[in-house]
Amino acid sequence: MEYISNSVDDTKKLAKQIAESLQGKEIILLNGDLGAGKTTFTKALFAELGVSDIVTSPTFAFMKEYNAKYKLSHYDMYRVESEDELWELGISDNLYEDGIAVIEWNKFTEFPDDKKIITINIEKLGDNLRKFVIEEGIK
């Protein structure tokens with residue numbers, strides 16, 4: 001599925017549509033250059049799922065958890081060098097728990113069999129214009 005967003009409000013509409021389809025057993029992989037809108041999308045998605053906290057990118061912590069309709073995990077692996085680093089820190093453990101994980105800059109190569117993988121590629125086409133390509137599976 002492709003979706004063109006002309007504004008943050010459009011991105012929020014997409015996040016709402018996706019949130020309504022989630023069942024608490026998904027891993028969402030967000031791909032895109034710096035400034036493409038990965039964290040903006042995550043904020044909107046988590047708000048739709050009931051997070052009232054301020055959602056920020058966990059660039060230095062690697063992962064933040066939120067409790068809402070589901071247990072939510074937000075990963076930012078921009079500074080991670082390898083998947084081994086994540087295993088050593090134990091950060092990958094919660095992928096195997098019920099809930100939804102959103103991963104920016106993914107470094108994982110393996111995922112639990114019982115999780116649905118959703119890949120969202122975000123392309124910045126202009127100041128406020130974004131193209132979202134949403135697919136099931138790893139891309």
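On a predicted model such as this, the values are computed, not experimentally measured, just so you know.
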Given the rule that I, L, V, M, F, W and Y join up when any side-chain heavy atoms are under 4.5 Å apart, are [X] and [Y] in one cluster?
| X | Y | value |
| --- | --- | --- |
| L29 | I120 | no |
| L95 | V80 | yes |
| F132 | L125 | no |
| V102 | I27 | no |
| Y75 | F111 | yes |

Looking at [atom1] of [X] and [atom2] of [Y], how far apart are the two atoms once the value is rounded to the nearest 0.5 Å?
| X | Y | atom1 | atom2 | result |
| --- | --- | --- | --- | --- |
| N106 | L30 | CG | CG | 10.0 Å |
| R130 | I4 | CZ | CD1 | 11.0 Å |
| I100 | E26 | CD1 | CD | 5.0 Å |
| D10 | Y3 | CG | OH | 4.5 Å |
| S7 | K12 | OG | NZ | 9.0 Å |

Main-chain N/O of [Y] paired with [X] side-chain donor or acceptor, under 3.5 Å:
| X | Y | value |
| --- | --- | --- |
| K38 | D76 | no |
| E135 | I118 | no |
| Y78 | L34 | no |

(message) For D53, give me all partners under salt bridge (Lys or Arg N to Asp or Glu O under 4.0 Å), at least two apart in sequence or on another chain.
(response)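 Residues passing salt bridge (Lys or Arg N to Asp or Glu O under 4.0 Å) with D53: none at all.
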
(request) With sequence neighbours left out, write down each residue that passes salt bridge (Lys or Arg N to Asp or Glu O under 4.0 Å) with K71, or none if nothing qualifies. (result)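 Expected list: E65, E97.
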
(message) We want to know whether K131 and S5 form a side-chain donor-acceptor pair, criterion being a heavy-atom distance below 3.5 angstrom.
(response)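 Judged by distance alone, the side chains do not pair up.
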
(message) If we count only N and O atoms by modelled type, under 3.5 Å, do the side chains of E104 and T39 hold a donor and an acceptor together?
(response)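 Indeed, the side chains of E104 and T39 share at least one donor-acceptor pair under 3.5 Å.
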
(request) Take the angle between the ring planes of Y66 and F46 and call it parallel below 30°, perpendicular above 60°, tilted in between. (result)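 Y66 vs F46 ring planes: perpendicular.
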
(request) Decide if atom NZ of K115 counts as having more than 12 heavy atoms of other residues, nucleotides or ligands within a radius under 6.0 Å. (result)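 More than 12 heavy atoms, drawn from other residues, nucleotides or ligands, come within 6.0 Å of this atom.
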
(request) Quick one: closest heavy-atom pair of A36 and I122, and the distance? (result)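 Closest approach of A36 to I122: O-CG2, 3.3 Å.
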
Within a strict 4.5 Å, meaning less than it, do heavy atoms of the [X] and [Y] side chains meet?
| X | Y | result |
| --- | --- | --- |
| L72 | N67 | no |
| E136 | I117 | no |
| D98 | Y70 | no |

(message) Per the side-chain hydrogen bond (donor to acceptor under 3.5 Å, both in side chains) rule, what does the pair list look like for residues 42-51, sequence neighbours excluded?
(response)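 Every pair satisfying side-chain hydrogen bond (donor to acceptor under 3.5 Å, both in side chains) with a residue in residues 42-51: there are none.
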
